[in-house]
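Notes follow the structure.
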Amino acid sequence: MEKFSIEGPVRLHGKVAASGAKNAALPALAATLLSDEKVELTRVPAVRDIRTMCRLLEHLGGECESEGHRVVASGSCVGGDQPDAPYELVKTMRASILVLGPLLARRGRATVSLPGGCAIGVRPIDEHLRGMEALGAEVELSEGYVTARADRLVGTRFRFHVPSVTGTENVMMAATLAQGSTRLENCAREAEIADLAELLNAMGAKISGAGGDVIEIEGVDALHHARHEVIPDRIEAGTYLIAAAITGGDVEVEGARWRDLEALTAELEAAGVRVERTASGVRAVGNGELAPTRVETAPHPGFPTDLQAQWMALMTQAEGTSSLRESVFENRFQHVAELNRLGADVQIDGRTAVIHGKRALSGTGVMATDLRASACLVLAGLAAEGTTVVDRIYHLDRGYEAMESKLHSLGAQVERFSAPMEV
Ligand code: EPU
């Protein structure tokens, strides 16, 4: 199992380029199933979840060829008796559920494994299924699989009970090929949804309002060839901005879009970090002194849950007591025990973490439990005295492209290794 060994403390300094957004590239790849023609995606991040999605598309009979950050995919959707998205794939990547909408719309039938719980919470898919039913599909759950069927989906008016990101994407994709018009209400508003709509419109769909809470879709008969550049990854960018802050460093993330990061930059400023919009991205400059904050995660435009763990690492270095409430997922505090092993003083009270700062962190062996928890531990390791070894880096590889070389370029000493190492 691969690990990171991090020597700290370090002051990060320099520029780093944002990779493409994993959570925008995944639905974009699923959307290629909606057309027989080739769809070319650029700025696709080279991360494990993208490779998993490509394998899934190939398993479905689609094509998926990648070279560097360019992927060309098309969906022939062969079908057959096998499940479209078997448990083996879905359990490693919940975003596999994103093939449900496109397959149903295109082929009239889809069978996808139920994802089950995961490290950060229960994460049901009832909103996806209600949306498909509203479009006229018959949905059946049996032996751990969901099967949805419809001769042709029919446009509808549908309101999400909770603004689910992949739920909105799934139902929006399905509705592109429905007969008539669809109005989706209480949609998630994350930037990745607007990016997906831009791709779908380039493929010939008729979608308006994506990125807002009401999305309108005029169904069309077929979608076609398109080219699309995936947006930069706001969560990756945010992680490097927080890395600058926790190390009292100066980092510019090139390509980062200010408008996607406003909830974070406001909190960085509240903590005393200088943040500026530059000609090519966003820059954060820390001065080693951090004020405590009270932060609560929320759907966009609130503070992203995907930056909660990294923010917690930062607040261990603030002068005073901070609070951090996780409102999106019910169990996303698994990094707390590991942070405390590094010397942090974080207590959990229900959905709120109380972080007593400033605590000197000292390097030791820690275990990553999920993608963003891994990033949190890497950030803490950069600020800790001595060697921090982060185990189970495969979680990190799901969503961060070349993190060790990016951190290297900013002056950090981070090594990847697979042999057991004494700490
Ligand atoms: N929810 C339901 N029913 C549903 C769907 C969601 O109750 O049918 C609830 C969830 O349990 C959760 C809330 O709604 O409490 C929001 O979940 P959402 O569906 O928005 O999450 P998701 O679509 O499964 C995406 C990202 C996550 C990110 C969340 C929230 C992708 C592929 N994944 O997940 O990314 O945390 O939105 O922003 O886009 C990550 O990258 O580390 C990651 C976990």
Side-chain angles (χ1 to χ4, degrees), residues 19-31 45 47-50 52-53 56 85 90 92-101 112 114-134 139 141 146 158-173 184 186-196 213 230-231 233-239 260 263-264 297-310 325-332 334-335 351 368-376 395-401:
S19 295
K22 164 186 81 87
N23 288 349
L26 288 170
L29 283 167
V47 296
R48 198 154 54 92
D49 275 8
I50 297 297
T52 308
M53 184 57 97
L56 177 55
V90 178
T92 63
M93 188 187 65
R94 296 179 48 87
S96 307
I97 190 69
L98 284 165
V99 302
L100 181 73
V112 175
L114 289 168
C118 75
I120 63 176
V122 180
R123 299 182 78 182
I125 55 162
D126 53 314
E127 293 291 299
H128 303 236
L129 303 186
R130 282 201 319 113
M132 301 306 159
E133 282 174 338
V139 174
L141 301 179
V146 47
F158 175 73
R159 185 173 180 83
F160 289 97
H161 291 153
V162 284
S164 161
V165 174
T166 50
T168 302
E169 293 164 346
N170 229 343
V171 182
M172 180 170 82
M173 287 190 281
L184 304 179
N186 196 27
C187 297
R189 291 177 282 167
E190 273 68 6
E192 291 76 15
I193 294 160
D195 193 50
L196 174 64
D213 63 354
V230 173
I231 54 170
D233 195 318
R234 63 195 168 92
I235 304 301
E236 187 207 28
T239 302
D260 294 341
L264 172 66
T297 65
H300 190 78
F303 190 93
T305 171
D306 290 346
L307 287 174
Q308 177 258 108
Q310 301 89 315
R325 185 172 164 77
E326 174 54 61
S327 305
V328 179
F329 291 110
E330 67 278 7
N331 184 25
R332 210 176 194 181
Q334 299 205 348
H335 39 283
R351 281 189 162 207
T369 48
D370 66 71
L371 170 56
R372 307 302 169 187
S374 323
C376 153
H395 288 295
L396 197 78
D397 293 334
R398 289 187 50 199
Y400 285 91
E401 178 172 325

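Counting starts at 1 for both ligands and their atoms, following the listed order. It should be emphasised that the depicted structure is a prediction, and the values quoted were computed from it without experimental measurement.
- Residues meeting the side-chain contact (heavy atoms from CB on, under 4.5 Å) test with Ala95, sequence neighbours left out: Leu26, Met93, Leu98.
- Side-chain contact, Gln308 with His335: a donor N or O sits under 3.5 Å from an acceptor N or O.
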Give every pair made of an N or O atom of ligand 1 and a protein N or O atom lying under 3.5 Å apart, one pair per line with both atom names and the distance to 0.1 Å, or write 'none'.
| from | atom 1 | to | atom 2 | distance (Å) |
| --- | --- | --- | --- | --- |
| ligand 1 | 3 (N) | Asp126 | OD1 | 2.8 |
| ligand 1 | 8 (O) | Pro124 | O | 3.2 |
| ligand 1 | 8 (O) | Asp126 | N | 3.1 |
| ligand 1 | 8 (O) | Asp126 | OD1 | 3.2 |
| ligand 1 | 8 (O) | Glu127 | N | 2.7 |
| ligand 1 | 15 (O) | Val328 | O | 2.5 |
| ligand 1 | 19 (O) | Ser164 | OG | 2.6 |
| ligand 1 | 20 (O) | Val165 | N | 2.8 |
| ligand 1 | 23 (O) | Thr166 | N | 2.8 |
| ligand 1 | 23 (O) | Thr166 | OG1 | 2.6 |
| ligand 1 | 24 (O) | Arg123 | NH2 | 3.0 |
| ligand 1 | 34 (O) | Arg123 | NH2 | 3.2 |
| ligand 1 | 35 (O) | Asn23 | ND2 | 3.2 |
| ligand 1 | 35 (O) | Asp306 | OD2 | 3.2 |
| ligand 1 | 36 (O) | Asp306 | OD1 | 2.6 |
| ligand 1 | 36 (O) | Asp306 | OD2 | 3.4 |
| ligand 1 | 41 (O) | Lys22 | NZ | 3.1 |
| ligand 1 | 41 (O) | Asn23 | ND2 | 3.0 |
| ligand 1 | 41 (O) | Arg372 | NH2 | 2.8 |
| ligand 1 | 42 (O) | Arg332 | NH2 | 3.3 |
| ligand 1 | 42 (O) | Arg372 | NE | 2.9 |

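- For the salt bridge (Lys or Arg N to Asp or Glu O under 4.0 Å) test, residues two or more places apart in sequence or in another chain that qualify with Arg398 are Asp49.
- Annotation: side chain of Ile193 is not in contact with side chain of Cys187 (no heavy-atom distance under 4.5 Å).
- With sequence neighbours excluded, the residues satisfying side-chain contact (heavy atoms from CB on, under 4.5 Å) with Arg159 are Glu185, Asn186.
- Between Thr166 and Pro27, every side-chain heavy-atom pair lies at or beyond the 4.5 Å cut-off.
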